[in-house]
2 protein chains.
Amino acid sequence: MSQRPTIYAVAKRCGVSTTTVSRVMQDESFGSPATRERVLSVALELGWVPNGAARGLATRKAGIIGLLFPDLGELGVGEEESPLYVDQVVRGAERVTAAAGQAVLIAAVRASGGKSLAYSVAGKVDGLVIMSRSLSDKDVALIARTVPVVLLAHKPGRKSFDHVVVDNRSGAREMTSHLIEVHGYQDLVYVRGPEGSPDSHERFLGFCDSLEAAGLPVPEKPAADGGFTEAGGKKAMWQLLGSAKPPRAIVFGNDEMAIGAMDVLNKAKISIPGEVAITGFDDIAVARHVNPSLTTVKQPMRELGEQAVQLLFARLRDPKAGTKTIYLSTESVFRKSCGCGKANTNSKKGSKND
Amino acid sequence: MSQRPTIYAVAKRCGVSTTTVSRVMQDESFGSPATRERVLSVALELGWVPNGAARGLATRKAGIIGLLFPDLGELGVGEEESPLYVDQVVRGAERVTAAAGQAVLIAAVRASGGKSLAYSVAGKVDGLVIMSRSLSDKDVALIARTVPVVLLAHKPGRKSFDHVVVDNRSGAREMTSHLIEVHGYQDLVYVRGPEGSPDSHERFLGFCDSLEAAGLPVPEKPAADGGFTEAGGKKAMWQLLGSAKPPRAIVFGNDEMAIGAMDVLNKAKISIPGEVAITGFDDIAVARHVNPSLTTVKQPMRELGEQAVQLLFARLRDPKAGTKTIYLSTESVFRKSCGCGKANTNSKKGSKND
DNA sequence: TTGTACGCGTTATCAC
DNA sequence: GTGATAACGCGTACAA
């Protein structure tokens, strides 16, 4: 660490007190223009920047928001694709935080040593946004005693936390209803993600909602397990094709699985959506480019990050306020894999066609 | 800010001094097991986490690395796709930093107020990784007086900085040579990105290198300007199609433009690569999924972030060492748009086929 | 409008 | 192995 100049050096060189320097750096309009000018130019000359640690210690505010996310790369998920949504959340969070003049500290929580890192981060920030699957419920509760915490995409089980969640159930419900009402499919199945995924479960419930509303038989459980991966989607597809009567439409719990399945169908020369209609969930970047383009449910990832930070700011402003849960709705994106063409065959509010 | 417990509270409750508490938190093996146990459990009980600011002030180390990147979202580039490489760099940086027990602070530098934010960040970190196009050269020089800086993907003009750069020129050269030598194309053009983009220029130079080496006529400037966007790529393609003799192969400065062009060709029923071969640059996620799959040059974005942080750590360890420049090489990815099929028609070292 | 002096919570330097 | 105490650099009452 090189000898960075301090506020004392600047004050001395300016012939003013540290107080003056300090204030000039904070208030846009403080002191006589002459003093201001002088302080600012000396600071620049010396290359002085207020020390964040000292400032943080004095004000008891770090000016930093922390964002904890799971290190999905380690789970063996597809190299680049899957963890992508995390990036969008990060972007959203950064955006709002920067607008408030703060900075974002990010940390992937890994299986190894992730816990200690989380605590280290907790000591450096004013508040924490914790994404689903980063930390165990227990650790979340522990950390929440130390710094204000907002949970992201967690299942809003505990009312003791601020939450931002995506309404997975409604999203799946809307998509399933589209398949039933617009395209007239009667024989639909749902392919789920990994065991214990709350997201996958919620989507299944939405799927069932629609079947029930349409008077169709409601299954007790998903037709297959694709583990949220492309490979898993292929496997699930093979399994479905091998069954007595393959379904007319398949609602996949996410896009990766849907894309894997489409690959299988394309290779088997089974027409999509002619013989089997396919829908995904997430609207990852490639969904638009696969053939046929994938009808899916778009999650507002960026907004998720934005709202989480805003919720966190609100909490910092008023630590004693009651906890809030913000629900963000999804947006159905109708492309070709469900049977929609270029024309917009649906006019539901909040849906989109491209 | 709720009343967080301090080290005093913990020390008192344990019946030891703050020194002991402090040491237990740092050394994995300090003091008698009994004391350790006691301190740790009391810390947990009280929900105490060492205050980062105070710690930073005392040690003169923040334990935080800063990463500055341009806010491309504001440039009006395609919604989600383009800034994607930033995310990869962030991931790489986070990875290495976390491995060293540090955290990463990220900040998008926006046109408005970006500068002051950059200085604020500088005060909070031990060192800074600054991505190309985030800050003006002048601001970089200024900030570099305050904290150690590593430049990422900047043109390594100034020898006074540590750099990590991608060897764009070699990448373009290798790709162009592939088109000439393996596929035998004689009539090639290059489509550039926005005015003044050093990346685009380097790639053009590599393109020219190959032409010259093959004894083909070397153009003075790129055949068209696609501005690095999909729309720009379409426009450039129309322009090329309108010319007297459309080229046999087109080397695009990036993938977006290539994809835009492919769209035009597909709609015009012009066969790729039968009539026109296409290559891109970057290997964005969708490159693999377009039809035909796009042959392109992959940039090691993640590694870029990793190396930058490692370089920064080295600099922090030894502030007086000479500056270093790390060159990372690209990797050609041969898919179908250049004429390669499933079989690997090329055996160059460091290339890849999928 | 400007300056003095104390406190923020931790680590490091001594002494025991 | 453990404890007292002085920094660390800044913000901010309070005083002038």
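Chain identifiers are assigned alphabetically (A, B, ...) following the order of the sequence lines, protein sequences preceding nucleic acid strands; residue numbering begins at 1 within each chain.
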B:R110 versus B:L117: any side-chain heavy-atom pair under 4.5 Å? no
Rounding to a whole Å, what distance do you find between B:W48:CH2 and C:dG9:C1'? 9 Å
Whole Å only: how far is the CG atom of A:L46 from the C1' atom of D:dG9? 15 Å
Residues in contact with DNA chain C, drawn from residues 7-19 of chain B - heavy-atom cutoff 4.0 Å: B:I7, B:Y8, B:T19
Less than 4.0 angstrom between a side-chain N/O of B:R55 and OP1 or OP2 of C:dT11, yes or no? yes
Just to confirm, is there a sub-4.0 Å distance from OP1 or OP2 of D:dC10 to any side-chain nitrogen or oxygen of A:Q26? no
Below 4.5 Å, heavy atoms only, C-beta onward: do A:L328 and A:I326 meet side chain to side chain? yes
Flag the pair B:R95 and A:D71 as a salt bridge only when some basic side-chain nitrogen lies within less than 4.0 angstrom of an acidic carboxylate oxygen. no
Among residues at least two apart in sequence or on other chains, which ones pass side-chain hydrogen bond (donor to acceptor under 3.5 Å, both in side chains) with B:R36? none
Between D:dG9 atom C1' and B:R60 atom CZ, what is the distance in whole Å? 10 Å
Rounded to whole Å, how long is the line connecting atom NZ of B:K61 with atom P of D:dC8? 15 Å
From CG of A:L57 across to P of C:dG7 the rounded distance in Å is 13 Å
With the side chain of A:A54 defined as its heavy atoms from C-beta on, choose the nearest nucleotide among D:dG9, D:dG3, C:dT10. D:dG9
Tell me whether the OP1 or OP2 atom of C:dT11 has a side-chain N or O from B:S22 closer than 4.0 Å. yes
Distance in angstrom units between A:R38 CZ and C:dT2 P, rounded: 13 Å
Within the 4.0 Å heavy-atom criterion, would you say B:T59 contacts the bases, only the backbone, or no part of the nucleic acid? sugar-phosphate
Is the backbone N or O of A:I65 less than 3.5 Å from a side-chain atom of A:D126, with the two atoms forming a donor-acceptor pair by type? no
Between B:N51 (CG) and C:dG9 (C1'), how many Å, whole number? 6 Å
List in chain and number order the residues that pass side-chain hydrogen bond (donor to acceptor under 3.5 Å, both in side chains) with A:R13, two or more places apart in sequence or in another chain; answer none if no residue qualifies. A:E45
Check for a donor-acceptor pair, side chain of A:T97 on one end and backbone N or O of A:V104 on the other, with a separation under 3.5 Å. no
Where each residue is assigned the nucleotide of DNA chain C containing its nearest heavy atom, which of A:R23 and A:A58 is assigned the position nearer the 5′ end? A:R23
